[in-house]
J.: 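The structure's right below; bear with me while I get my questions together.
In listed order, ligands and their atoms are each counted from 1.
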Amino acid sequence: MKYEIKITKTQNPKAKPDPVSLGFGDVFTDHMFIMDYDEGEGWHDARIVPYAPICLDPAASVLHYAQEMFEGMKTYKSVDGLKLFRPDMNAKRTAQTNDRLCIPHVDEGFYVDAIRALIDVDRDWVPGREGTSLYIRPFIIATEPFLGVRPSGSYKFIIILSPVGPYYKEGLAPTRIFVEDEYTRAAPGGTGCAKVGGNYAASLKSQMKAHSLGFTQVLWLDGVERKYVEEIGTSNAFFVMGGEVWTAPLDGTILPGITRDSVITLLRDWGVLVREERFTIEEVFAAHDSGRLSEIFASGTAAVISPVGELRWKGRGITVGGGSIGELSQRLYDTITGIQSGRLPDTHGWTVDL
Ligand SMILES: *Cc1c(COP(=O)(O)O)cnc(C)c1O
């Protein structure tokens, strides 16, 4: 290990939550990882300490200009111990996001070592019940007290852990999706391909609108012409049309999802044609009208695969796959969760034992 991680254990361990009633992201473990960055010194003082509020100067630049990034991943209790799913991809994506936000680089090997060390300390917090996991949230914030606009001279890299329940309590329930034609998520040259809090803040208004209209999430169209399909909420989007699977290409406005990459790899393994090409919402509705649209699903770490049962665009609603989960969606869900939990062979070497 390149840096030493100093460990201070809590004197007051918290009671563990009931695994049956676990939700998402509202319970945190006993410890957290912190490392500081200062100009001239680099990253230093890597430590694992009791989970607690952090102290920030009110002028800290993250609070004003949102110089911040985050990641999301999970660890699973498998038949043969704890596993991480493709953590090297999260480390690589962190490096790309950091570069876009002028946040100093974190050594990718050390990034994974820090996650491993923290989980090791809070090992007992990983829930074992079917569908549960330990969600891992690494993030970096700019901490320099300075109101001028420029990259901060100091940062904190923090990792927190949260035991979470199954995303869908009643199984894979198809979602109702509202095609957003007023607000946009990303523009060419913007931060759509980076995992930054600012993207999420800017999406809340649209999410609230969709909820108030009775929809689960929004489907984002491109920010220039508002016709090309981009993402669904905070997930990547896949459309099964005429037996081929379509998804938006990674051209700068799409977040390069690790689940997305896994889905594409599995589909190609199975001999399914995957097209990473631009396509319009009009083409999706036309495919529905001609009976070629068989499935729509979203992919992401939280829900893995989330089938879409209904799509509404400019006042017109269509039902997808009879409103129930499609064959490919189900097979992808079963395969990815099977690999994550060790029930299925990991032929791509995606899982890492802890
Ligand atoms: C995190 C995220 C995804 C999904 O990425 P995974 O690595 O599969 O979890 C997709 N879109 C957006 C906007 C995201 O922030």
J.: Return yes or no for this condition: an N or O of N236 is under 3.5 Å from an N or O of ligand 1.
T.: no
J.: For D124, is there an ion pair with K16 - N to carboxylate O distance below 4.0 angstrom?
T.: no
J.: Using every non-hydrogen atom in the two residues, find where G148 and Y65 come nearest and quote the distance to one decimal.
T.: O-CE1, 3.7 Å
J.: List the closest protein heavy-atom neighbour of atom 3 (C) of ligand 1: residue, atom name, distance to the nearest 0.1 Å.
T.: T234 O, 3.3 Å
J.: Before signing off on this row, confirm whether I258 and ligand 1 have an N or O atom pair separated by under 3.5 Å.
T.: yes
J.: For ligand 1, is E71 a contact, meaning one of its heavy atoms is under 4.0 Å away?
T.: no
J.: List the steps and the verdict of side-chain hydrogen bond (donor to acceptor under 3.5 Å, both in side chains) for E230 and T253.
T.: CA-CA 8 Å; E230 297 214 322; T253 57; 2.8 Å; yes
J.: Y200 heavy atoms, cut-off 4.0 Å: which ligand 1 atoms fall inside?
T.: 14 (C), 15 (O)
J.: Considering only protein heavy atoms, which is closest to atom 14 (C) of ligand 1, and at what distance to one decimal place?
T.: K195 NZ, 3.0 Å
J.: E231 to ligand 1: N or O pair under 3.5 Å?
T.: yes
J.: Going by the atom numbers of ligand 1, which of them fall below 4.0 Å from some non-hydrogen atom of R185?
T.: 13 (C)
J.: Going by an N to O cut-off under 4.0 Å, is there a salt bridge joining R343 and D334?
T.: no
J.: Pick out which of Y111, Y37, F139 makes a ring pair (Phe, Tyr, Trp, His ring centres under 6.0 Å) with F157.
T.: Y111
J.: Any chain of hydrophobic side-chain contacts (each under 4.5 Å) joining M89 to L250?
T.: no
J.: Tell me which one of Q217, E182, E180, R185 satisfies side-chain hydrogen bond (donor to acceptor under 3.5 Å, both in side chains) with S206.
T.: E180
J.: Note the single closest protein heavy atom to atom 8 (O) of ligand 1, along with its residue, its atom name and the distance in Å.
T.: T259 OG1, 2.6 Å
J.: With a cut-off of 4.0 Å, which atoms of ligand 1 are near a heavy atom of R93?
T.: 5 (O), 6 (P), 7 (O)
J.: Please determine if D289 and R316 form a salt bridge, counting it only when a charged side-chain N lies under 4.0 Å from a carboxylate O.
T.: yes
J.: Which atoms form the tightest heavy-atom contact between K83 and I339, and what is the distance?
T.: CD-O, 4.5 Å
J.: Would you mind listing which atoms of ligand 1 come within a distance below 4.0 Å of any non-hydrogen atom of S235?
T.: 10 (C), 11 (N)
J.: Please list, in number order, the atoms of ligand 1 under 4.0 Å from a heavy atom of G257.
T.: 5 (O), 6 (P), 7 (O), 8 (O)
J.: Run the numbers for me: atoms of ligand 1, each under 4.0 Å from some heavy atom of T301, listed by number.
T.: 6 (P), 7 (O), 8 (O), 9 (O)
J.: Against ligand 1, does M89 come closer than 4.0 Å with any heavy atom?
T.: no
